[in-house]
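Working notes, structure below.
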Amino acid sequence: MEPTRDMTLPNGRVSSFATLDADEARTVGSQMFYGGGIHPAGRGRGFECRVVGTRIGGVSLGLVGFGTRVTIGFRNIESYGVSMPTLGPLEQRVGSHEFTATPDVASVYSPLDALEVDGWESPGDRLAHVRFDRSVLEGELSRMLGVDAVDEIRFPYLLDIRSGRGAEWMRLAHVLFGAVDGPGGLAGNTLFSTQLTSAVMTGLLLATDHQYREALESPSRPAAPAAVRRAAAFIDENAHRPIAVPDIAAAVGASVRTLARGFRDHLGTSPGAYLARARLDGAHRDLAAGRPENTSVSQVAADWGFFNLGRFAGRYRATFGVLPSQTLRAGL
């Protein structure tokens with residue numbers, strides 16, 4: 001048996017694949033989009049996996065068909081995505097929550113531990129899917145808000161694409177798919193593809209409901225120094241709690257963008273960077289006051305919201321010039 005060829009999506013070029021073997025389809029699917037077990041109905045009669053896709057920077061898109069009904073179990077999805085069946089319904093389950101995508105209602109994914117999908121009832125049904133690298137979509141949102149970083153975006157599971165902003169986003173997605181349809185497509189031009197994928201990401205963030213939507217809709221105005229001082233005080237008092245920039249903005253009655261501009265203009269930093277430094281300072285104080293026999297670096301780091309110990313140690317050393325363990329042992 002020949003080994004399955006590498007089908008990792010090329011940047012700006014269309015890649016196509018077809019197979020009658022469900023295991024090979026699973027392997028190729030994991031290379032192009034997500035990993036998951038594919039289970040055809042009816043002992044696999046009529047099964048024929050066909051995939052056409054491409055990658056433009058941090059955005060992957062493709063059309064997937066199976067020729068018969070299949071069930072797919074995905075695990076450890078670390079990206080965002082939008083799925084749009086062309087003919088029939090696509091039944092989906094996340095934990096105990098069930099929802100259905102149709103040609104009129106797309107499904108929108110945030111990073112997930114597990115997702116079960118059942119569909120492709122009609123032989124000619126294909127699924128149009130757009131996948132966004134997590135860092136790329138969150139980076140686009142950060143740029144729009146004027147902040148250093150954002151938390152995981154919590155999208156609703158469904159987006160109406162028949163009317164309103166959902167329909168406008170769908171038209172953008174059609175343009176994106178059309179740009180890669182065939183050799184020599186505009187997707188191969190970096191200037192064009194970068195602007196188009198940015199527009200698709202911006203449109204999705206403005207068309208869907210999520211915890212940053214209100215901040216995106218709020219007009220940006222310079223924050224008064226008093227509001228910045230209140231925000232800084234709120235951070236200093238609550239840095240040990242699981243707060244994020246939207247919580248800080250809400251506490252002082254400002255939008256996220258207004259607060260970001262105020263911090264930049266008056267403190268020369270961002271709310272996120274100020275919060276990170278406040279947490280580092282708190283960890284430094286606790287380590288300096290602790291004793292090695294009853295205090296651990298990992299526990300102090302976790303108390304202040306740092307759960308990646310290696311990353312915490314690197315940031316700590318860059319800030320204070322010593323490792324956290326040195327502070328704990330010698331109070332440095």
Side-chain angles (χ1 to χ4, degrees), residues 1-9 14-55 60-132 155-162 166 170 173-174 176-177 180-181:
M1 179 177 177
E2 294 184 3
T4 301
R5 57 196 173 107
D6 182 8
M7 289 299 297
T8 304
L9 285 178
V14 175
S15 180
S16 61
F17 171 80
T19 182
L20 302 178
D21 184 277
D23 290 333
E24 187 176 26
R26 175 190 56 78
T27 300
V28 171
S30 66
Q31 293 175 353
M32 298 179 81
F33 290 101
Y34 310 107
I38 300 174
H39 307 284
R43 298 183 179 180
R45 287 192 299 271
F47 178 84
E48 183 180 12
C49 174
R50 290 185 174 274
V51 183
V52 178
T54 192
R55 182 176 179 86
S60 302
L61 57 151
L63 291 167
V64 184
F66 293 103
T68 188
R69 178 183 171 189
V70 301
T71 299
I72 308 177
F74 296 107
R75 296 292 181 271
N76 301 319
I77 298 176
E78 294 293 339
S79 54
Y80 298 95
V82 183
S83 289
M84 301 152 281
T86 58
L87 292 177
L90 190 70
E91 307 289 344
Q92 292 151 98
R93 183 183 303 110
V94 176
S96 61
H97 188 81
E98 298 181 356
F99 53 100
T100 303
T102 70
D104 294 327
V105 182
S107 56
V108 186
Y109 307 123
S110 298
L112 296 168
D113 292 331
L115 169 69
E116 185 174 299
V117 177
D118 185 283
W120 294 273
E121 191 77 40
S122 302
D125 198 5
R126 294 196 299 173
L127 180 73
H129 185 77
V130 185
R131 175 188 179 276
F132 304 95
F155 285 117
Y157 290 118
L158 297 173
L159 172 64
D160 185 348
I161 53 176
R162 293 170 299 182
M170 188 62 185
H174 276 303
L176 184 61
F177 275 92
V180 298
D181 189 14

Could you give the distance from [atom1] ([X]) to [atom2] ([Y]), rounded to the nearest 0.5 Å?
X	Y	atom1	atom2	value
Ile38	Phe47	CD1	CZ	5.5 Å
Glu91	Thr71	CD	OG1	10.5 Å
Met170	Asp104	CE	CG	10.0 Å
Leu61	Thr54	CG	OG1	6.5 Å

Do side-chain atoms of Thr86 reach the backbone of Arg126 as a donor and acceptor pair under 3.5 angstrom?
-> yes
Is the backbone N or O of Val82 less than 3.5 Å from a side-chain atom of His129, with the two atoms forming a donor-acceptor pair by type?
-> yes
When you check the side-chain N and O atoms of Arg131 and Ser79, is any donor under 3.5 Å from an acceptor?
-> yes
Where is the tightest heavy-atom contact between [X] and [Y], given as atom of each residue plus distance?
X	Y	result
Phe74	Val117	CE1-CG2, 3.8 Å
Gly166	Leu159	CA-CD1, 4.2 Å
Ile161	Pro103	CD1-O, 3.5 Å
Arg75	Ala114	NH1-CB, 3.8 Å
Asp125	Gly88	OD2-N, 3.1 Å
Thr100	Pro89	CG2-CB, 3.8 Å

Answer yes or no: is there a side-chain heavy-atom contact under 4.5 Å between [X] and [Y]?
X	Y	result
His97	Tyr157	yes
Phe99	Ser107	yes
Ile77	Leu115	yes
Val130	Met84	yes
Trp120	Leu90	yes

Residue set satisfying side-chain hydrogen bond (donor to acceptor under 3.5 Å, both in side chains) with Arg69, at least two apart, ordered chain then number -> Asp118
Residues two or more places apart in sequence or in another chain: which of them pass salt bridge (charged side-chain N to carboxylate O under 4.0 Å, His left out) with Asp160?
-> Arg162
Are Leu112 and Val94 close enough, and set up right, to give a side-chain contact (heavy atoms from CB on, under 4.5 Å), and what steps lead you there?
-> CA-CA 8 Å; Leu112 296 168; Val94 176; 3.9 Å; yes
Residues forming a ring pair (Phe, Tyr, Trp, His ring centres under 6.0 Å) with Phe155, sequence neighbours excluded | Tyr80, His210
